[in-house]
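Remember, predicted model here, so these are calculated numbers, not experimental data.
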Amino acid sequence: MMRAATTVLGWGFLSTLVLAGPAQATQSISCLDMKSDSSVDILLGAGPVSKVLRVLIGVGERLLTTEPSLPGDRVVIAQAFDDGEVFRIDLVDEQATELVATIRLIYADHDSLPLRIGFVRIGDDPAVGISCEGP
(Lines give C-alpha, C1' and ligand atoms only; values in the text may rest on other atoms or scores of the structure.)
Protein backbone atom coordinates (compact mmCIF):
# COMPACT_ATOMS: atom_id res chain seq x y z
CA MET A 1 0.00 0.00 0.00
CA MET A 2 2.85 2.38 0.68
CA ARG A 3 3.98 1.83 -2.89
CA ALA A 4 1.15 3.96 -4.32
CA ALA A 5 1.94 6.86 -2.00
CA THR A 6 5.65 6.69 -2.78
CA THR A 7 4.94 6.43 -6.49
CA VAL A 8 2.59 9.44 -6.43
CA LEU A 9 5.17 11.53 -4.56
CA GLY A 10 7.81 10.52 -7.10
CA TRP A 11 5.48 11.43 -9.98
CA GLY A 12 4.73 14.73 -8.30
CA PHE A 13 8.40 15.61 -8.13
CA LEU A 14 9.14 14.43 -11.66
CA SER A 15 6.14 16.10 -13.27
CA THR A 16 6.79 19.32 -11.34
CA LEU A 17 10.20 19.39 -13.00
CA VAL A 18 8.63 18.76 -16.40
CA LEU A 19 5.74 21.23 -16.00
CA ALA A 20 7.59 23.94 -14.13
CA GLY A 21 9.76 25.45 -16.82
CA PRO A 22 11.30 28.89 -16.49
CA ALA A 23 8.17 30.70 -17.71
CA GLN A 24 5.74 28.90 -15.40
CA ALA A 25 5.88 29.63 -11.67
CA THR A 26 4.23 26.93 -9.57
CA GLN A 27 3.61 25.91 -6.00
CA SER A 28 2.60 22.54 -4.66
CA ILE A 29 0.65 21.08 -1.78
CA SER A 30 1.86 17.62 -0.72
CA CYS A 31 -0.28 15.47 1.58
CA LEU A 32 0.11 12.12 3.35
CA ASP A 33 -2.06 10.07 5.67
CA MET A 34 -0.69 8.97 9.05
CA LYS A 35 0.41 5.56 7.73
CA SER A 36 2.05 7.10 4.64
CA ASP A 37 0.20 4.70 2.33
CA SER A 38 -2.06 7.38 0.85
CA SER A 39 -0.99 10.65 -0.70
CA VAL A 40 -2.24 13.67 -2.59
CA ASP A 41 -0.07 16.02 -4.65
CA ILE A 42 -1.63 19.25 -5.94
CA LEU A 43 0.29 21.49 -8.34
CA LEU A 44 -0.86 25.12 -8.33
CA GLY A 45 -0.11 27.92 -10.74
CA ALA A 46 1.34 30.92 -8.93
CA GLY A 47 -0.72 34.08 -8.96
CA PRO A 48 -3.30 36.05 -7.03
CA VAL A 49 -5.85 33.23 -7.41
CA SER A 50 -4.92 29.56 -6.90
CA LYS A 51 -5.33 27.62 -10.13
CA VAL A 52 -5.04 23.86 -9.85
CA LEU A 53 -2.84 22.62 -12.68
CA ARG A 54 -2.55 18.96 -11.69
CA VAL A 55 -3.76 16.51 -9.03
CA LEU A 56 -2.23 13.11 -8.24
CA ILE A 57 -3.90 10.79 -5.72
CA GLY A 58 -2.68 7.45 -4.39
CA VAL A 59 -4.94 5.62 -1.94
CA GLY A 60 -3.84 2.07 -1.26
CA GLU A 61 -3.21 0.53 -4.68
CA ARG A 62 -5.51 2.98 -6.50
CA LEU A 63 -3.89 5.81 -8.50
CA LEU A 64 -5.75 8.79 -9.96
CA THR A 65 -4.22 11.56 -12.05
CA THR A 66 -5.26 14.60 -14.05
CA GLU A 67 -2.01 14.33 -16.00
CA PRO A 68 -2.51 12.19 -19.14
CA SER A 69 1.18 11.28 -19.41
CA LEU A 70 1.27 9.61 -15.97
CA PRO A 71 0.06 6.12 -15.05
CA GLY A 72 -3.22 5.78 -13.17
CA ASP A 73 -6.91 6.29 -13.77
CA ARG A 74 -7.50 9.56 -15.62
CA VAL A 75 -9.71 12.14 -13.92
CA VAL A 76 -10.67 15.72 -14.71
CA ILE A 77 -10.96 18.69 -12.35
CA ALA A 78 -14.64 19.57 -12.03
CA GLN A 79 -14.23 22.11 -9.24
CA ALA A 80 -11.28 23.68 -7.46
CA PHE A 81 -12.13 26.46 -5.04
CA ASP A 82 -10.09 27.95 -2.20
CA ASP A 83 -11.81 30.55 -0.02
CA GLY A 84 -8.81 30.93 2.29
CA GLU A 85 -10.29 28.60 4.91
CA VAL A 86 -11.32 25.46 2.98
CA PHE A 87 -9.82 24.22 -0.28
CA ARG A 88 -12.33 22.14 -2.23
CA ILE A 89 -11.39 19.95 -5.19
CA ASP A 90 -13.78 17.59 -6.97
CA LEU A 91 -12.54 15.22 -9.65
CA VAL A 92 -14.80 13.51 -12.19
CA ASP A 93 -14.37 10.88 -14.90
CA GLU A 94 -13.35 12.03 -18.37
CA GLN A 95 -16.97 12.20 -19.53
CA ALA A 96 -17.91 14.28 -16.45
CA THR A 97 -20.71 11.86 -15.57
CA GLU A 98 -19.46 10.58 -12.22
CA LEU A 99 -17.80 12.14 -9.18
CA VAL A 100 -14.65 10.06 -8.73
CA ALA A 101 -12.78 11.81 -5.89
CA THR A 102 -13.25 14.59 -3.38
CA ILE A 103 -10.51 16.53 -1.58
CA ARG A 104 -11.23 18.95 1.28
CA LEU A 105 -8.40 20.78 3.07
CA ILE A 106 -8.64 23.21 5.97
CA TYR A 107 -5.93 25.87 6.19
CA ALA A 108 -3.92 26.35 9.40
CA ASP A 109 -1.22 29.03 9.64
CA HIS A 110 2.05 27.96 11.24
CA ASP A 111 5.19 29.97 12.09
CA SER A 112 7.50 28.20 9.66
CA LEU A 113 5.25 26.55 7.07
CA PRO A 114 1.61 26.75 6.02
CA LEU A 115 -0.25 23.57 6.94
CA ARG A 116 -3.49 22.02 5.75
CA ILE A 117 -5.42 19.08 7.15
CA GLY A 118 -8.39 17.35 5.65
CA PHE A 119 -9.46 14.27 3.74
CA VAL A 120 -9.51 12.58 0.37
CA ARG A 121 -12.39 10.31 -0.63
CA ILE A 122 -12.53 8.12 -3.73
CA GLY A 123 -16.08 7.28 -4.78
CA ASP A 124 -18.12 5.86 -1.92
CA ASP A 125 -15.08 4.54 -0.04
CA PRO A 126 -14.46 5.93 3.45
CA ALA A 127 -12.58 9.23 3.61
CA VAL A 128 -8.85 9.08 4.40
CA GLY A 129 -7.50 11.79 6.71
CA ILE A 130 -4.45 13.63 5.40
CA SER A 131 -2.09 16.36 6.55
CA CYS A 132 -0.41 18.61 4.03
CA GLU A 133 2.45 21.04 3.58
CA GLY A 134 2.34 23.89 1.14
CA PRO A 135 0.63 27.18 0.48
Side-chain angles (χ1 to χ4, degrees):
M1 287 190 187
M2 187 168 165
R3 181 178 172 180
T6 304
T7 303
V8 167
L9 290 176
W11 291 339
F13 177 74
L14 179 62
S15 58
T16 298
L17 292 176
V18 171
L19 291 176
Q24 183 179 17
T26 60
Q27 302 174 358
S28 66
I29 299 172
S30 297
C31 310
L32 286 173
D33 72 339
M34 290 186 67
K35 295 189 254 177
S36 296
D37 62 357
S38 298
S39 65
V40 174
D41 182 63
I42 303 165
L43 183 67
L44 304 170
V49 177
S50 296
K51 176 173 174 45
V52 177
L53 301 175
R54 187 204 61 232
V55 178
L56 303 173
I57 299 174
V59 175
E61 296 297 319
R62 182 113 189 245
L63 300 173
L64 302 175
T65 179
T66 59
E67 181 64 38
S69 63
L70 296 177
D73 296 335
R74 175 94 159 95
V75 292
V76 178
I77 299 167
Q79 167 183 267
F81 178 73
D82 186 354
D83 64 8
E85 292 180 19
V86 179
F87 197 179
R88 299 165 179 86
I89 301 173
D90 292 332
L91 304 170
V92 295
D93 64 346
E94 290 186 276
Q95 294 75 33
T97 59
E98 180 182 355
L99 180 64
V100 177
T102 302
I103 302 168
R104 298 292 185 267
L105 303 175
I106 300 169
Y107 182 74
D109 198 10
H110 186 269
D111 292 339
S112 62
L113 191 64
L115 301 172
R116 295 182 188 254
I117 58 170
F119 69 87
V120 59
R121 176 181 294 140
I122 296 179
D124 293 329
D125 292 345
V128 175
I130 52 177
S131 59
C132 312
E133 295 181 353

Least distance between heavy atoms, Ser38 atom then Gly60 atom: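 Here Ser38 and Gly60 meet closest at OG-N, 3.8 Å.
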Closest approach of Ala127 to Phe119 (non-hydrogen atoms, all atoms of both residues):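 So the minimum-distance heavy-atom pair works out to CB-CD1, 3.7 Å.
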Any heavy-atom pair between the side chains of [Y] and [X] that's under 4.5 Å?
| X | Y | answer |
| --- | --- | --- |
| Thr66 | Leu91 | yes |
| Val75 | Thr65 | no |
| Lys51 | Leu53 | yes |
| Asp41 | Val55 | no |
| Phe87 | Leu44 | yes |
| Ile130 | Cys132 | yes |
| Arg116 | Ser131 | no |
| Leu105 | Ile29 | yes |

Steps toward side chain to side chain contact (heavy atoms under 4.5 Å, CB included) verdict (Ile89, Val52): CA-CA 9 Å; Ile89 301 173; Val52 177; 4.2 Å; yes
Side chain to side chain contact (heavy atoms under 4.5 Å, CB included) evaluation trace for Tyr107 with Glu85: CA-CA 5 Å; Tyr107 182 74; Glu85 292 180 19; 5.9 Å; no
Residue pair Leu56, Leu70: steps toward the side chain to side chain contact (heavy atoms under 4.5 Å, CB included) verdict: CA-CA 9 Å; Leu56 303 173; Leu70 296 177; 3.5 Å; yes
Could you give the distance from [atom1] ([X]) to [atom2] ([Y]), rounded to the nearest 0.5 Å?
| X | Y | atom1 | atom2 | value |
| --- | --- | --- | --- | --- |
| Thr102 | Arg104 | OG1 | CZ | 5.5 Å |
| Arg121 | Ile57 | CZ | CD1 | 12.5 Å |
| Leu32 | Asp37 | CG | CG | 9.5 Å |

Salt bridge flag under 4.0 Å for residues Arg88 and Asp82: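 No, Arg88 and Asp82 are not salt-bridged.
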Residues Arg54 and Glu67 bridged, charged N to O under 4.0 Å: no
Test log, rule side chain to side chain contact (heavy atoms under 4.5 Å, CB included), inputs Val92 and Glu98: CA-CA 6 Å; Val92 295; Glu98 180 182 355; over 6 Å; no
Shared hydrophobic cluster for Ile77 and Ile103 (ILVMFWY, side-chain gaps under 4.5 Å): yes
